[in-house]
Amino acid sequence: MSNINTIEKLKNGTVPEKNELALLLGTITADEKELLRLAAQEKAQSVFGNKIFIRGLIEISSYCKNDCFYCGLRRSNKNAVRYRLDKERILSCCENGYRLGFRTFVLQGGEDAYYTDEVMCGIVGEIRRLYPECAITLSLGERGYKSFKRLYEAGADRYLLRHETANAEHYSKLHPKSMTLKTRMESLYALKEIGFQTGAGFMVGSPGQTYENLAEDLLFISELKPQMCGIGPFIPHKDTPFWDKPAGALETTLVLLSVIRLLHPCVLLPSTTALGTIHPKGRELGILHGANVVMPNLSPAEHRKDYSLYDNKICTGDEAAECIRCLSNRMKNIGYEIVTGRGDFKQI
Ligand code: SAM
Ligand code: SF4
Ligand code: FES
């Protein structure tokens with residue numbers, strides 16, 4: 001058993017064993033990394049060419065009833081500045097985004113009781129009415145089957161809910177007792193069953209994570225086959241219990257992006273803001289390792305810095321128009337092109 005064999009398996013569409021994946025992550029050499037990267041980049045290009053999909057991210061609320069140990073929005077963080085956007089503010093972000101060429105809006109926020117099903121369905125329904133050709137993605141945490149279903153029926157197309165870790169013991173090191181991996185997994189299967197294009201995903205280098213845990217995450221992705229997969233490095237936030245933990249590694253994140261691309265060739269795989277935060281060329285590197293989506297920020301400039309999940313988050317001082325220009329140039333510089341259009345998942 002060697003890493004080269006594992007990479008060959010990935011290239012041939014065979015799912016490696018857990019121990020092979022863990023070994024690959026822990027011992028991959030520079031030459032093997034390049035082999036893996038090239039295979040993943042080629043695979044992404046065979047599905048998407050040199051086209052990169054964009055999603056307009058609207059951070060609708062910094063209130064959260066949960067207390068995830070890693071996140072700056074956790075309810076116990078008394079230093080967090082809280083804000084929420086009402087329907088009018090959200091619609092004005094969409095209007096701005098539409099003008100800038102976005103055809104997917106991602107509404108993301110903490111688990112904020114203000115957004116009841118009635119309120120949320122009103123917002124989703126109005127976006128659907130005003131922008132019939134746009135995709136609406138939600139990322140609002142766990143809401144239960146009935147709520148997910150109502151949101152789908154109101155016109156939402158996609159839902160992002162990272163599983164965070166596929167290992168129950170590790171999950172309990174990242175969350176208070178009130179949150180369980182079981183509920184998270186049930187939510188993900190419910191979203192898929194309802195018909196959402198569903199996004200799972202995890203942080204790389206979260207406290208207590210082992211290479212075996214990451215191998216379990218990869219096997220979970222290959223089993224669930226989500227239409228989207230969000231991964232990015234864990235980055236500490238100064239006002240959380242994990243304030244002194246190290247950030248996740250760039251290199252491991254890149255290797256994981258490549259492995260995910262090979263395990264699930266058609267998956268919509270973002271090169272995340274967190275990756276751009278730990279390295280100035282992080283998002284470009286993500287694309288070169290097999291990612292095919294970027295998510296510029298469409299949130300109102302005055303609230304950007306208050307959606308503070310982790311320290312030193314990039315793009316908090318920039319207007320949406322600046323971010324999109326900046327990202328287009330970054331993609332051009334590495335031979336890729338941002339395309340407008342919904343960018344739906346397609347199995348080929
Ligand atoms: N509240 C919703 C939820 O938890 O699904 C959506 C918003 S939440 C802020 C979105 C994602 O941010 C989480 O799934 C988590 O992976 C990521 N995140 C939170 N804190 C982070 C940190 N310190 N470093 C990197 N990513 C983080
Ligand atoms: Fe709330 Fe999501 Fe942050 Fe957890 S990760 S505290 S659910 S915003
Ligand atoms: Fe936001 Fe570069 S992407 S300023």
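Just follow the structure's listing: the first ligand is 1, and inside any ligand the first atom is 1. Only a predicted model underlies this, so the values are computations on that prediction, with no experimental measurement involved.
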(request) Could you tell me which atoms of ligand 3, counted from 1 in the order shown, lie closer than 4.0 angstrom to a heavy atom of C315? (result) 1 (Fe), 3 (S), 4 (S)
(request) Kindly indicate whether a cation-pi arrangement holds for R84 with Y63, taking the cut-offs as under 6.0 Å to the six-membered ring centre and within 45° of the axis. (result) yes
(message) In terms of relative ring orientation, are F53 and F48 parallel, tilted or perpendicular, with 30° and 60° separating the classes?
(response) perpendicular
(request) Give the numbers and elements of all ligand 1 atoms closer than 4.0 Å to a heavy atom of R162. (result) 14 (O), 15 (C), 16 (O), 17 (C)
(request) Output the list of atoms in ligand 3 that are nearer than 4.0 Å to some heavy atom of L327, sorted by atom number. (result) 3 (S)
(message) Could you tell me if R103 sits above the aromatic ring of Y98, with its cationic atom closer than 6.0 Å to the ring centre and no more than 45 degrees from the axis?
(response) yes
(request) For C71, counting its heavy atoms only, list the atoms of ligand 1 lying under 4.0 Å from any of them. (result) 19 (C), 20 (N)
(message) Please check if the number of heavy atoms outside Q41 that lie under 6.0 Å from its CD is greater than 12.
(response) yes
(message) Quick test: of every protein heavy atom, which one is nearest to atom 2 (Fe) of ligand 3, and how far off is it to 0.1 Å?
(response) C326 SG, 2.2 Å
(message) With a heavy-atom distance limit of 4.0 Å, tell me whether R283 approaches ligand 3 through its side chain, its backbone, both, or neither.
(response) side chain
(request) If you have a sec, work out which protein heavy atom is nearest atom 20 (N) of ligand 1 and how many Å separate them, to one decimal? (result) Y70 CD1, 3.4 Å
(request) Apply salt bridge (charged side-chain N to carboxylate O under 4.0 Å, His left out) to the pair R128 and D157, showing each step before the final yes or no. (result) CA-CA 10 Å; R128 175 57 55 244; D157 311 280; 2.9 Å; yes
(request) If you have a sec, work out which protein heavy atom is nearest atom 18 (N) of ligand 1 and how many Å separate them, to one decimal? (result) M203 SD, 4.1 Å
(message) How far is atom 2 (Fe) of ligand 2 from the closest protein heavy atom, and which atom is that?
(response) C64 SG, 4.6 Å
(request) Please determine, by modelled atom types, if N297 and E59 share a side-chain donor-acceptor pair under 3.5 angstrom. (result) yes
(message) Please list the nearest protein heavy atom to atom 3 (Fe) of ligand 2 with its residue and the distance rounded to 0.1 Å.
(response) C71 SG, 2.4 Å
(request) Taking only heavy atoms of F234 into account, list the atoms of ligand 1 that are under 4.0 Å away from them. (result) 23 (N), 24 (N), 25 (C)
(request) Of the side chain and backbone of H237, name the one, both, or neither that has a heavy atom under 4.0 Å from an atom of ligand 1. (result) neither
(request) May I ask you to decide whether K18 forms a salt bridge with E216, counting only side-chain N to carboxylate O separations under 4.0 Å? (result) yes
(request) Please check atom 4 (O) of ligand 1 for a protein heavy-atom neighbour under 4.0 Å. (result) no
(message) Within a 6.0 Å radius of atom NZ on K313, are there more than 12 heavy atoms belonging to other residues, nucleotides or ligands?
(response) yes
(message) Checking the N or O distance criterion of under 3.5 Å, is ligand 1 in contact with G109?
(response) yes
(message) Please list the nearest protein heavy atom to atom 14 (O) of ligand 1 with its residue and the distance rounded to 0.1 Å.
(response) E164 OE2, 2.5 Å
(message) So is C68 touching ligand 1 or not, going by heavy atoms under 4.0 Å?
(response) no
(message) Measuring only between side-chain heavy atoms, which start at C-beta, is L160 closer than 4.5 Å to V106?
(response) yes
(message) For Y307, which part has a heavy atom under 4.0 Å from ligand 1: side chain, backbone, both, or neither?
(response) side chain
(message) So that I can tick it off, tell me whether R150 and E153 are bridged by a salt bridge, with the cut-off set at under 4.0 angstrom between side-chain N and carboxylate O.
(response) no
(request) Give a yes/no answer: is there an N/O/S atom of C68 under 2.8 Å from atom 4 (Fe) of ligand 2? (result) yes
(request) Output yes when the distance from some N or O of ligand 1 to some N or O of E111 is under 3.5 Å, and no in every other case. (result) no
(request) Pick whichever of P233, A274, G232 has a heavy atom sitting closest to atom 25 (C) of ligand 1. (result) P233
(message) List ligand 2 atoms under 4.0 Å from G110, heavy atoms only on the residue side.
(response) 8 (S)
(message) Checking a contact table here: which protein heavy atom is nearest atom 7 (S) of ligand 2, and how many Å away?
(response) N66 ND2, 3.5 Å
(message) Does any part of the side chain of D217, heavy atoms only, come nearer than 4.5 Å to the side chain of I231, both counted from C-beta?
(response) no
(request) Check whether more than 12 heavy atoms from other residues, nucleotides or ligands sit under 6.0 Å from atom CD of E302, and answer yes or no. (result) yes
(message) Counting C-beta onward and ignoring hydrogens, is there a side-chain heavy-atom pair between I348 and C266 closer than 4.5 Å?
(response) yes
(request) Establish whether atom 10 (C) of ligand 1 and some protein heavy atom are separated by less than 4.0 angstrom. (result) yes
(request) Look at atom CD of E133 and say whether more than 12 heavy atoms of other residues, nucleotides or ligands are closer to it than 6.0 Å. (result) yes
(message) Any protein heavy-atom neighbour for atom 5 (S) of ligand 2 (distance below 4.0 angstrom)?
(response) yes
(message) Which of the numbered atoms in ligand 2 are under 4.0 angstrom from any heavy atom belonging to Y70?
(response) 5 (S)
(message) Under 4.0 Å between a side-chain nitrogen and a carboxylate oxygen: does that hold for R37 and E34?
(response) yes
(request) If you have a sec, work out which protein heavy atom is nearest atom 12 (O) of ligand 1 and how many Å separate them, to one decimal? (result) L309 CD1, 3.7 Å
(request) Just go through I235, T277, I231 and tell me whose heavy atom is the nearest to atom 23 (N) of ligand 1. (result) I235
(message) Within the 4.0 Å heavy-atom shell around S139, which atoms of ligand 1 are there?
(response) 6 (C)
(request) Could you tell me whether the side chains of Y159 and Q197 share a donor-acceptor contact shorter than 3.5 Å? (result) no
